[in-house]
Amino acid sequence: MKLLYFAWVRQKVGRGEEIVDAPRHVATVGALAEWLKAKGGGYAEAFADPKRMRAAVNQEHVGFDAPVKAGDEVAFFPPVTGG
Amino acid sequence: MIRVQSDDFDPGAEIAKLHAGRSDIGAVASFVGLVRGESHGEKLTSMTLEHFPGMTERELERIEEQARARWALDDVVIVHRVGELKPGARIVLVATAAAHRAAAFEAAEFLMDYLKTRAPFWKRELRASGEHWVEARGSDDDAAARWR
């Protein structure tokens, strides 16, 4: 799975992207966020409050209940502030 | 037409292009968003816009498609800048062309409301007290919810 991070999520995690092999039980965006949070350090800080986090799977906005699978591109970012 | 770029744009030239050589268009409505020089009671040094390359363009295209499905639009242009911008700089242009003004006005407002809540851009401000990510505003969600 390819993970992308933007804005303060990227700053807290300390990188903009990475490839991960998530365990089989990580089947939703929410489970992936929990799994990343458990890595501790910057991840724990970035994923501390899921309410402040948004996600996209394969460049489509999704909720935290959306499924994820190997090969997906999953992005985590704060609520958008363009315009 | 969607464009994401670091360069400035010329609103007059973009609007002229929108209806050049056509006589079926009776109305063009446009919105230009600018960098304000003050934020949270502090002088703003600069604003940096980050985005999600690829998804940004796709999301803007989806927003344009929705506007075209709702209103009889002859053309649409959305230009959004990224990178470091100074106070007074143009950030975004939305312009809509239609036979009559109601569709042009409404669609332009819809496009901006949806852009502000859906398009993956993030603003970071540099002020006297340091760097701050701009927080999303609930009033923007409320504005977008009006169209549902």
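So that the names make sense, note that chain A is the first sequence line, chain B the second, and so on, each numbered from 1.
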Going hydrophobic residue to hydrophobic residue with side-chain gaps under 4.5 angstrom, can you get from [X] over to [Y]?
| X | Y | value |
| --- | --- | --- |
| B:Phe31 | B:Ile63 | yes |
| A:Val68 | A:Met53 | yes |
| B:Val94 | B:Met1 | no |
| A:Val26 | A:Val9 | yes |
| A:Tyr43 | A:Phe6 | yes |

Side-chain heavy-atom pair A:Thr81, B:Phe121 within 4.5 angstrom cut-off: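 Counting from C-beta outward, A:Thr81 and B:Phe121 never come under 4.5 Å.
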
Interchain contact, A:Arg10 with chain B, by part (heavy-atom threshold 4.5 Å):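 The answer is the side chain of A:Arg10.
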
Chain A contact via B:Glu135 - side chain, backbone, both or neither, heavy atoms under 4.5 Å: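 Contact with chain A involves both backbone and side-chain atoms of B:Glu135.
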
Where B:Lys116 and A:Gly83 come nearest, the two heavy atoms and their spacing: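 Heavy atoms only, the tightest pair is NZ-C, 3.8 Å.
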
Heavy-atom closest pair, residues A:Val80 and B:Ala119: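 Distance-wise, the nearest heavy atoms are CB-O, 3.2 Å.
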
Max heavy-atom pair count under 4.5 Å with chain A, selected residue of B:His80, B:His51, B:Glu59, B:Arg118: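 Greatest number of close heavy-atom pairs with chain A: B:Arg118.
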
Chain B contacts, top residue of A:Pro78, A:Pro79, A:Gly16 (heavy-atom pairs, under 4.5 Å):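 Most heavy-atom pairs within the cutoff with chain B belong to A:Pro78.
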
Can you tell me how far [atom2] of [Y] sits from [atom1] of [X], rounded to the nearest 0.5 angstrom?
| X | Y | atom1 | atom2 | answer |
| --- | --- | --- | --- | --- |
| A:Gln11 | B:Glu131 | CD | CD | 6.5 Å |
| B:Arg58 | A:Glu60 | CZ | CD | 5.5 Å |
| B:Glu57 | A:Gln59 | CD | CD | 8.5 Å |
| A:Tyr5 | B:Phe52 | OH | CZ | 12.5 Å |

A:Asp49 atom CG, over 12 foreign heavy atoms within 6.0 Å: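 Buried by this count: over 12 neighbours within 6.0 Å.
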
Neighbour count above 12 (heavy atom, 6.0 Å) for B:Arg137 CZ: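 No, not enclosed.
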
Listed once per pair and sorted, the ring-ring contact (aromatic ring centres under 6.0 Å, His included) pairs that draw on residues 54-83 of chain A, sequence neighbours left out: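 Sorted pair list: A:Phe47-A:Phe76, A:Phe77-B:Trp122.
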
A:Trp8/B:Arg124 under side-chain contact (heavy atoms from CB on, under 4.5 Å): CA gap, chis, key distance, verdict: CA-CA 9 Å; A:Trp8 56 254; B:Arg124 190 175 74 233; over 6 Å; no

Chain B-proximal positions within residues 27-38 of chain A [heavy-atom distance under 4.5 Å]: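 The residues closer than 4.5 Å to chain B amount to none at all.
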
